Q: 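Have a look at this one before I ask anything.
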4 protein chains.
Amino acid sequence: MDRERQEKQEAIFQAALRVIKEKGFHKTRMADIAKEAGISYGLIYHYFPGKGKLFEAIQERWWGGLFGLMKRIERENLGVPERLRAVIDYFLGTYYENPELANIFITEISRSTSNLSPERLRHFKDFMEMIQKVMKEGQSLGFLRDDFPSRYLTYMFLGGLETFISAMVLVDQKFKDLAQKEKVSRGILEIFLGGAMKREFPVEGP
Amino acid sequence: MDRERQEKQEAIFQAALRVIKEKGFHKTRMADIAKEAGISYGLIYHYFPGKGKLFEAIQERWWGGLFGLMKRIERENLGVPERLRAVIDYFLGTYYENPELANIFITEISRSTSNLSPERLRHFKDFMEMIQKVMKEGQSLGFLRDDFPSRYLTYMFLGGLETFISAMVLVDQKFKDLAQKEKVSRGILEIFLGGAMKREFPVEGP
Amino acid sequence: MDRERQEKQEAIFQAALRVIKEKGFHKTRMADIAKEAGISYGLIYHYFPGKGKLFEAIQERWWGGLFGLMKRIERENLGVPERLRAVIDYFLGTYYENPELANIFITEISRSTSNLSPERLRHFKDFMEMIQKVMKEGQSLGFLRDDFPSRYLTYMFLGGLETFISAMVLVDQKFKDLAQKEKVSRGILEIFLGGAMKREFPVEGP
Amino acid sequence: MDRERQEKQEAIFQAALRVIKEKGFHKTRMADIAKEAGISYGLIYHYFPGKGKLFEAIQERWWGGLFGLMKRIERENLGVPERLRAVIDYFLGTYYENPELANIFITEISRSTSNLSPERLRHFKDFMEMIQKVMKEGQSLGFLRDDFPSRYLTYMFLGGLETFISAMVLVDQKFKDLAQKEKVSRGILEIFLGGAMKREFPVEGP
DNA sequence: AATGAATGAGCCTTCATTCAT
DNA sequence: CATGAATGAAGGCTCATTCAT
């Protein structure tokens with residue numbers, strides 16, 4: 001049945017996430033994944049064409065979710081801070097619900113250029129451009145400072161966001177609860193928008 | 001002569017940087033490095049005990065420089081913004097002078113936990129703590145906002161900084177000249193301190 | 001099936017014996033063993049963890065059999081000459097049934113100290129001590145001469161025995177039949193016990 | 001000067017003996033020998049054509065000495081026991097004066113067929129034949145028992161002798177003094193000739 | 001003569017992938 | 001569908017030997 005096939009495939013997928021998170025992609029052997037999934041290693045090839053394709057599927061899962069979000073954001077016509085907040089929430093939410101996937105994004109996808117096929121690199125740039133578009137809009141609306149290129153704002157925003165996750169990844173820290181996640185989410189946005197410097201009259205959050 | 005040996009070792013080191021930058025550590029074969037350095041395969045082993053040690057030497061080069069800087073900063077009793085600026089300049093300066101090393105830091109050292117020996121992980125945490133100390137000092141001096149943990153400020157700062165480099169790495173972008181480097185450096189600090197939001201009366205830089 | 005696995009492993013084991021006998025352990029390449037066994041060389045690693053472990057297994061096979069014999073001897077409460085005869089028979093019997101194993105014992109295990117792990121050296125000394133115990137018993141029973149240390153008798157006995165095998169190994173000589181083996185066995189014992197010198201009245205065999 | 005060259009060559013030779021004794025021939029690297037000799041490793045090649053030839057020289061040294069002895073024995077028209085005693089003394093004497101050489105004979109030359117070139121094998125057989133000739137003479141003179149082939153006596157004699165040395169090699173035991181060496185020498189001969197069995201009237205040594 | 005940098009063939013081992021059952 | 005035995009390309013490392021200085 002097709003349904004069963006899907007479930008098995010997903011089980012292998014999740015097993016792969018767990019192992020790759022632990023050992024990194026290059027050090028992960030197909031046999032490890034099979035063992036983690038509790039199946040024989042030959043069976044993986046009934047569900048995925050090969051190791052490379054399996055890894056691509058993982059990346060696709062991440063990007064698929066993220067681009068889905070970006071499209072939703074564009075459709076829903078939100079304000080700039082709300083959009084940024086939505087992006088932050090996507091990252092933190094994924095880390096909350098599927099920490100392995102977020103972990104792998106940070107450690108294997110986000111930076112490493114060696115795993116990056118040209119197509120995959122495209123994803124990155126596309127995503128950056130989407131964020132940059134938001135920044136530009138914020139600048140033209142007079143909400144964001146325009147004394148620096150929108151690229152700068154983009155880097156700062158995504159960098160801060162990623163590093164929050166990275167730090168949690170590095171120490172394998174989990175969110176205690178949703179409230180903590182909310183607090184972090186708000187913190188990232190506020191520091192990004194308001195900056196680190198103290199002011200006489202605290203800047204009102206957006 | 002010892003001098004010649006040093007130079008040869010450095011030549012191999014730099015060749016390794018170039019190859020690793022291009023292919024990533026795991027996909028880099030010793031033969032590639034030898035070819036890039038224009039020497040025979042076995043000769044690498046006269047200068048480095050093995051692939052792992054060579055990679056460790058690369059990481060050490062990065063951390064050595066960075067910790068050297070951090071010590072200097074602590075000694076020289078600079079103000080908070082000046083310290084942060086020095087850190088930014090170190091990252092950008094390394095990228096300017098030795099782009100491969102900075103690249104490798106971003107793609108292979110900075111995130112990947114799989115390459116991380118416990119000792120190496122130590123470096124990370126130590127560095128984060130050094131930055132966090134600066135943030136704490138800024139908070140206690142009343143210069144930095146204290147409505148968020150100093151950790152948050154640390155993540156935002158380092159994240160933004162790293163991502164500036166990352167983005168340049170991704171597109172293999174070089175600084176046109178020192179002036180451009182200066183501009184970026186100032187931008188990072190200012191956005192971090194002042195935030196992305198526009199204000200009626202632009203915040204004075206520190 | 002487990003049975004098949006055992007058989008395959010044994011086939012590789014025997015192939016290894018044949019090759020090592022021919023080329024010596026150090027000059028034996030895994031590829032040689034694979035070729036001799038008629039399999040691809042990667043397959044060896046499904047059955048043995050590595051070259052070293054394969055060699056250890058070979059040594060273990062020898063010592064396992066020998067110590068098994070020694071235990072049986074001690075249990076069965078045989079007389080001194082019968083015990084010595086049993087040891088001789090074990091050596092000759094192994095050479096008869098598995099000439100490669102006996103050969104390797106002689107050429108690679110028996111003497112070479114460089115292949116000898118401390119554990120392996122233990123085996124040697126243990127075995128020597130077992131024989132020496134027999135000699136001591138013979139001396140205290142008044143059956144063996146006691147004007148020399150029991151060690152001397154031990155060396156002479158084991159030396160003669162080993163060299164019989166060695167000589168056969170060197171010229172790749174096989175026993176024609178069991179009768180010949182019996183004759184040799186008796187000869188070794190008799191010369192050891194009675195000595196090489198002729199006497200007026202031939203010494204009665206034990 | 002030729003004299004100096006000879007001395008240097010001998011120094012390398014002795015260094016090789018020491019290292020090979022410790023690590024075995026196969027695990028001995030040319031660099032080890034050079035280090036032990038206190039010279040650069042390239043220099044060895046000024047004195048020996050290569051590793052193999054160096055090892056052959058070592059074997060030649062042993063066999064040269066031994067065959068020299070055998071010739072002398074034949075010339076001097078000694079009795080059978082005296083000849084056997086001379087052979088024993090040669091082995092023990094070499095072990096006494098140049099333990100490394102005797103050690104290497106036992107561990108690397110005596111048994112290992114893998115190090116044995118056909119020419120080297122020849123030496124063995126020649127030597128065995130020389131001893132066997134002695135045994136045959138003893139038999140035809142009525143001094144040695146003739147109810148077994150002379151080969152058997154040969155194996156027993158050489159086996160016992162070798163194993164005495166082997167045992168000393170294994171535990172790295174040295175002779176305390178010449179007297180001890182004499183005692184061992186006599187013991188070997190007496191046990192070989194008189195056998196291990198006790199008799200009413202102890203057999204007179206020859 | 002002496003040095004040690006340089007070379008590269010050789011070999012062990014790993015592991016993605018295939019395939020017979 | 002499921003298994004795991006089998007394959008063999010790939011790559012790290014060693015070390016005997018050569019050779020420029």
Side-chain angles (χ1 to χ4, degrees), chain A residues 1 4-5 8-9 26-35 37-55, chain B residues 1-2 4-5 7-9 12 26-34 37-55, chain C residues 1-2 4-5 7-9 12 26-34 37-54, chain D residues 1 4-5 8-9 12 26-35 37-55:
Chain A
M1 207 214 295
E4 273 179 26
R5 186 177 169 80
K8 194 92 175 195
Q9 192 178 42
H26 273 104
K27 288 185 184 160
T28 293
R29 288 165 296 140
M30 292 301 263
D32 297 326
I33 297 173
K35 200 176 176 186
I39 58 173
S40 79
Y41 55 85
L43 193 54
I44 300 178
Y45 290 87
H46 287 250
Y47 294 93
F48 295 94
K51 196 187 176 188
K53 290 293 176 186
L54 176 52
F55 190 47
Chain B
M1 206 212 296
D2 216 59
E4 274 177 27
R5 188 176 169 80
E7 280 170 4
K8 193 87 178 197
Q9 191 178 45
I12 295 173
H26 275 104
K27 288 188 184 158
T28 293
R29 287 168 293 133
M30 293 301 263
D32 296 326
I33 296 173
I39 58 174
S40 86
Y41 186 73
L43 192 55
I44 300 178
Y45 291 87
H46 282 244
Y47 293 94
F48 295 94
K51 197 186 176 189
K53 289 292 176 187
L54 176 51
F55 191 45
Chain C
M1 207 211 295
D2 217 58
E4 274 177 27
R5 187 176 171 81
E7 280 171 3
K8 193 86 179 198
Q9 191 178 44
I12 294 173
H26 275 104
K27 287 188 184 158
T28 294
R29 287 166 295 133
M30 292 301 262
D32 296 327
I33 297 173
I39 57 174
S40 80
Y41 62 83
L43 192 55
I44 300 178
Y45 292 87
H46 283 244
Y47 294 94
F48 295 94
K51 198 185 176 188
K53 289 292 176 186
L54 176 52
Chain D
M1 207 212 295
E4 273 178 27
R5 185 177 170 81
K8 194 92 175 195
Q9 192 177 43
I12 295 173
H26 274 103
K27 288 186 184 161
T28 293
R29 289 165 296 141
M30 293 299 263
D32 296 327
I33 297 173
K35 200 176 176 186
I39 58 172
S40 79
Y41 55 86
L43 193 55
I44 300 179
Y45 290 86
H46 287 249
Y47 294 92
F48 295 93
K51 195 186 177 189
K53 290 292 175 186
L54 175 52
F55 191 47

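These numbers come from the heavy atoms of this one structure, side chains and all, not from hydrogens, waters or symmetry mates. None of the values given here were measured: they were computed from a predicted structure. The chains referred to below are lettered A, B, ... by the order of the sequence lines, with proteins before strands, and numbering in each begins at 1.
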Q: Name every residue in residues 41-51 of chain C that has at least one heavy atom under 4.0 Å from any atom of DNA chain E, in order of residue number, or write none if there are no such residues.
A: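 Heavy-atom contacts with DNA chain E come from C/Y41, C/Y45, C/G50, C/K51.
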Q: Excluding sequence neighbours, so at least two apart, what forms side-chain hydrogen bond (donor to acceptor under 3.5 Å, both in side chains) with B/E7?
A: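 Partners of B/E7 under the side-chain hydrogen bond (donor to acceptor under 3.5 Å, both in side chains) test: B/R3.
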Q: Checking A/K53 now: which residues fulfil salt bridge (Lys or Arg N to Asp or Glu O under 4.0 Å) with it, not counting sequence neighbours?
A: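 Listed in chain order: A/E56.
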Q: Atom CE of B/M30 to atom P of F/dA10: distance rounded to whole Å?
A: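 After rounding, the gap between these two atoms is 19 Å.
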Q: Considering all heavy atoms of both residues, which atom of A/T28 and which atom of A/K51 are nearest to each other, and what is their separation?
A: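 For A/T28 and A/K51, the tightest heavy-atom pair comes out as O-NZ, 2.8 Å.
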Q: Stem list for DNA chain E, please, built from Watson-Crick and G-U wobble pairs under 3.5 Å and keeping only runs of at least 3.
A: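 Stem list for DNA chain E: E:2-21 with F:2-21.
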Q: On DNA chain E, does the nearest nucleotide to C/T28 precede the nearest nucleotide to B/G38 from the 5' side, or the other way round? Give the residue.
A: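 Residue closer to the 5' terminus by nearest nucleotide: B/G38.
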Q: Could you pull out all residues at least two apart from C/Y41 that satisfy side-chain contact (heavy atoms from CB on, under 4.5 Å)?
A: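 Partners of C/Y41 by the side-chain contact (heavy atoms from CB on, under 4.5 Å) criterion, ordered by chain and then number, come out as C/A34.
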Q: May I ask you to decide whether D/R29 forms a salt bridge with D/D32, counting only side-chain N to carboxylate O separations under 4.0 Å?
A: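 A salt bridge is present here (some side-chain N lies under 4.0 Å from a carboxylate O).
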Q: Please find the earliest and latest nucleotides of DNA chain E, in the 5' to 3' direction, that have an atom within less than 4.0 Å of any heavy atom of chain A.
A: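 In short, chain A contacts DNA chain E from E/dC15 to E/dT18.
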Q: Should C/I12 and C/Q9 count as side-chain neighbours, where that means a heavy-atom distance under 4.5 Å?
A: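 With C-beta onward as the side chain, the pair stays apart.
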Q: Minimum heavy-atom separation for B/H46 to B/R5, with atom names?
A: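 In this case the closest contact between B/H46 and B/R5 is O-NH2, 2.6 Å.
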Q: Identify the heavy atoms of B/I44 and B/M30 that sit nearest to each other, and give their distance.
A: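 Heavy atoms of B/I44 and B/M30 come nearest at CD1-O, 3.4 Å.
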Q: Rounded to the Å, how far apart are B/R29 CZ and F/dC13 P?
A: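 Between P of F/dC13 and CZ of B/R29: 14 Å.
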Q: Under the side-chain contact (heavy atoms from CB on, under 4.5 Å) test, which residues partner B/L54, sequence neighbours left out?
A: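 With neighbours one apart ignored, the set is B/A16, B/I33, B/F48.
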Q: B/L54 CG to F/dG11 C1': how many Å, rounded?
A: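 About 15 Å, once rounded to whole Å.
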Q: Can you name the residues that form a side-chain contact (heavy atoms from CB on, under 4.5 Å) with D/K35, not counting sequence neighbours?
A: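 If we apply the side-chain contact (heavy atoms from CB on, under 4.5 Å) test to D/K35, skipping adjacent residues, there are no hits.
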